[in-house]
Amino acid sequence: MLIFFICIALLVLAYKFYSPFVERQAGIDPKAKTPQARFEDGVDYVPVHPAKAFLIQFLNVAGVGPIFGPILGALYGPIALVWIVLGNIIGGAVHDYFSGVLSIKEDGKSLPEIAGHYFNIYFKGVMLLFTAMLLFFVGVVFIMSPAGLLSNLDYFKDTIFGNNTFWVLVILAYYFLATMLPIDKIITKLYPAFGLLMIVMTVSIAVALMLNAPQLPEMGDVFAYFDHSHYNNELLEPNPDGLPVWPLLFVTITCGAISGFHSTQAPIMARCLTNEKYVRPVYYGAMVAEGIVACVWATAGIAAFPGGYVELKSLLDQGGPGLVVNQVATTYLGVVGGIMAIVAVAIFPITSGDTAFRSLRLTIIDAFHIPQSMRNRLLVAVPILTIAYFMTKIDFSLIWRYFAFSNMLLSTSVLWLATKYLFDRGTFHWIVSLPAIGGTSVTVSYIMTAGIGLGLPQPLSQPVGIAVGVICLIALIIAHNRRKPVADVK
């Protein structure tokens with residue numbers, strides 16, 4: 001638990017002391033008119049209180065990501081907590097913050113449009129392709145997973161509610177409404193309550209683990225991770241499958257550490273904030289909060305079961321992360337925990353799926369400069385959701401692999417976009433350029449050996465990825481040294 005408390009403290013301290021430094025590089029102007037004030041349309045550009053905006057952004061980016069990913073990543077051992085904290089502070093929170101900054105500075109536009117402004121039409125095209133692909137895969141994944149859970153509940157056996165297709169159609173109908181209707185009709189009314197529910201659930205699980213966790217590794221076991229011969233209890237030995245930490249841990253745990261999906265959600269609240277000064281608490285703050293959620297569930301995966309990693313792996317093999325959530329919640333929180341578990345793995349993914357399709361509509365409308373009439377929103381939304389229905393018939397694991405790669409690639413692209421923004425401003429770009437280099441290295445390593453990539457032998461992934469990272473660093477240093485001073489930067 002000492003490591004857990006250190007992780008939480010580091011995340012809080014990063015918000016308190018590091019985020020103001022990051023903010024100073026961004027050129028935030030509290031006196032500037034926001035996109036909401038300039039383009040209010042009653043559909044997407046609608047004023048939202050900053051507290052509500054935080055809860056909506058938190059739930060938009062969270063969903064089940066900081067629950068499922070850390071549970072899967074817990075199999076790698078305590079190093080999962082190290083990655084969540086370092087990834088969040090150095091990469092994820094900065095990534096989310098500049099996603100918000102870039103969008104609010106560019107009239108609340110979507111990332112492909114911003115990329116076209118700072119780079120060129122080719123980079124815009126690449127960003128449009130991967131943004132649309134990621135949003136679509138997220139939407140499809142978050143139709144399939146909650147529909148599967150709800151149709152398999154014991155309460156619904158031998159009824160129409162036990163039919164998977166029934167829930168797919170119900171969720172699609174809701175997604176249609178959430179995609180089409182003004183943001184203040186559904187999202188701003190329901191999301192703050194669900195965001196509070198996630199916070200209550202996270203705190204409850206954390207307190208229960210502190211009081212009752214049966215199996216926590218000792219401090220020595222954490223450091224012995226790097227030399228498995230030192231383990232005196234095979235139940236405490238992590239990574240039973242022997243999978244390489246680099247790059248798979250970084251792909252397994254994205255939400256909570258760094259996730260490209262978050263950048264796709266940035267325009268939703270960027271069109272609703274009433275002052276630029278709220279960007280830091282809403283975007284940076286939501287990512288730090290998600291990091292805390294991820295730490296709690298990574299700790300739960302490591303600590304909650306008497307059988308240690310062996311029991312955790314067995315549960316994952318039987319029913320995936322959803323079964324682990326159910327076991328942890330019902331064991332430590334009883335009946336209330338069981339209800340929370342159903343909400344967590346059924347409703348939370350839906351809150352990510354609906355905003356994914358809404359963001360996809362906004363991205364397409366922005367890219368092709370389509371007027372925001374009801375007819376045009378229908379013409380965009382109906383084909384997307386129709387295709388999504390047929391995609392739910394495809395193998396879930398295949399969809400997930402493409403989602404994971406798109407997520408990594410997009411987060412790295414956004415960090416490079418933020419690098420260009422700070423480079424042009426003449427401010428301290430290393431806060432985003434160094435994470436961008438790290439993301440590039442991991443992305444190359446993954447695609448070298450992944451089944452959806454080149455499929456080369458695993459030993460090639462690390463040296464090639466590191467070599468690409470070193471080349472990027474050298475090129476950036478050269479560009480930095482050639483950069484001309486920029487005068488009068490605020």
Side-chain angles (χ1 to χ4, degrees), residues 1-11 65-92 202 205-206 208-210 212-258 290-318 320-321 323-325 327-328 331-332 404 438 442 445-446 449 458 461-462 465:
M1 295 310 296
L2 176 61
I3 293 176
F4 172 74
F5 284 123
I6 290 172
C7 289
I8 301 301
L10 287 172
L11 288 169
I67 300 175
F68 281 14
I71 288 173
L72 291 167
L75 280 176
Y76 288 91
I79 197 171
L81 284 168
V82 176
W83 160 237
I84 289 168
V85 173
L86 291 181
N88 188 298
I89 294 172
I90 297 172
T202 301
I205 293 293
L209 287 173
M210 284 187 280
N212 302 308
Q215 188 70 56
L216 280 169
E218 297 297 326
M219 281 293 290
D221 290 321
V222 174
F223 299 107
Y225 172 81
F226 297 100
D227 183 359
H228 289 187
S229 63
H230 290 176
Y231 281 100
N232 54 19
N233 183 344
E234 65 178 10
L235 298 179
L236 291 179
E237 185 169 354
N239 199 6
D241 290 329
L243 297 173
V245 172
W246 177 293
L248 294 184
L249 177 62
F250 309 109
V251 183
T252 303
I253 303 179
T254 53
C255 288
I258 182 169
E290 189 187 66
I292 293 172
V293 173
C295 284
V296 169
W297 283 101
T299 304
I302 295 169
F305 304 107
Y309 295 102
V310 173
E311 185 176 352
L312 173 60
K313 185 176 185 306
S314 175
L315 287 170
L316 288 170
D317 289 343
Q318 291 175 46
L323 179 58
V324 176
V325 172
Q327 290 281 92
V328 171
T331 300
Y332 292 104
V442 170
S445 293
Y446 178 73
T449 57
Q458 183 63 47
S461 70
Q462 292 184 16

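The figures here come from the full heavy-atom set of this structure, side chains too, leaving out hydrogens, waters and symmetry mates. Quantities reported herein were computed from a predicted structural model and do not represent experimental measurements.
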Chemist: Working to the nearest 0.5 angstrom, can you tell me the gap between Cys295 SG and Ile8 CD1?
Modeler: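 Answer for the SG-CD1 pair, Cys295 versus Ile8, is 4.5 Å.
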Chemist: Do the side chains of Phe5 and Met210 get nearer than 4.5 Å, heavy atoms only?
Modeler: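 Side-chain contact under 4.5 Å: yes.
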Chemist: Got a second to check how far Leu209's CG is from Trp297's CH2, nearest 0.5 Å?
Modeler: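 The CH2 atom of Trp297 is 8.0 Å from CG of Leu209, to the nearest 0.5 Å.
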Chemist: Within the 4.5 Å heavy-atom criterion, are Val324 and Phe68 side-chain neighbours or not?
Modeler: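 A side-chain contact is absent here, since even the closest heavy-atom pair is not under 4.5 Å.
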Chemist: Measure the spacing between CG of Leu248 and OG of Ser461 and express it to the nearest 0.5 Å.
Modeler: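 Nearest 0.5 Å value for the CG-OG distance: 8.0 Å.
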Chemist: List for me each residue that meets side chain to side chain donor-acceptor pair (under 3.5 Å) alongside Ser445, sequence neighbours excluded, and say none if there are none.
Modeler: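 With sequence neighbours excluded, Ser445 shows a side chain to side chain donor-acceptor pair (under 3.5 Å) to Trp246, given in chain and number order.
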Chemist: On a heavy-atom basis, which atom in Pro78 and which in Tyr309 lie closest, and how many Å separate them?
Modeler: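 So the two residues come closest at CD-OH, 3.5 Å.
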Chemist: To the nearest 0.5 Å, what is the distance between OH (Tyr76) and CG (Leu81)?
Modeler: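 If we round to the nearest 0.5 Å, Tyr76:OH and Leu81:CG are 15.0 Å apart.
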Chemist: Of all heavy-atom pairs between Gly73 and Ala80, which one has the smallest distance, and what is that distance?
Modeler: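 Answer, listing the atom of Gly73 first, then Ala80: O-CB, 3.5 Å.
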Chemist: Going from CD1 on Ile292 to CZ on Phe4, what distance comes out if it is rounded to the nearest 0.5 angstrom?
Modeler: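 Answer rounded to 0.5 Å: 8.5 Å.
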Chemist: Taking the side chain as every heavy atom from C-beta outward, state whether Ile71 and Leu316 have any atom pair closer than 4.5 Å.
Modeler: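 They are in side-chain contact.
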Chemist: For residues Gly291 and Leu11, report the shortest heavy-atom separation together with the two atoms involved.
Modeler: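 In terms of heavy atoms, the two residues are closest at C-CD1, 3.7 Å.
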Chemist: Name the residue from Leu72, Ile84, Ile79 that meets the side chain to side chain contact (heavy atoms under 4.5 Å, CB included) definition with Leu249.
Modeler: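 Considering Leu72, Ile84, Ile79, a side chain to side chain contact (heavy atoms under 4.5 Å, CB included) with Leu249 is found only for Ile79.
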Chemist: Would you name the heavy atoms of Thr254 and Val251 that are closest together and state the gap between them?
Modeler: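 Between these two residues, the closest heavy atoms are CG2-O, 3.4 Å.
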Chemist: I'd like to check Pro321 versus Ile67 (side-chain heavy atoms, cut-off strictly below 4.5 Å). Are they in contact?
Modeler: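 Not in contact.
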Chemist: Could you state the interatomic distance from OG1 (Thr331) to CD1 (Ile205), rounded to the nearest 0.5 Å?
Modeler: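 So the gap between those two atoms works out to 9.0 Å.
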Chemist: If you take all heavy atoms of Ile253 and Gly69, which pair is closest and at what distance?
Modeler: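 Closest heavy-atom pair between Ile253 and Gly69: CG1-O, 3.5 Å.
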Chemist: Looking only at heavy atoms, which two atoms of Pro70 and Ala294 are closest? And how far apart?
Modeler: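 That closest heavy-atom pairing would be CB-O, 3.4 Å.
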Chemist: Contact between Ile258 and Asn88 at the side-chain level, heavy atoms closer than 4.5 Å - yes or no?
Modeler: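 Answer no - side chains too far apart.
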Chemist: Taking side chain to side chain donor-acceptor pair (under 3.5 Å) as the test, write out the residues that go with Ser314, two or more places apart.
Modeler: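 Scan of Ser314 (side chain to side chain donor-acceptor pair (under 3.5 Å), adjacent residues dropped) gives Gln318.
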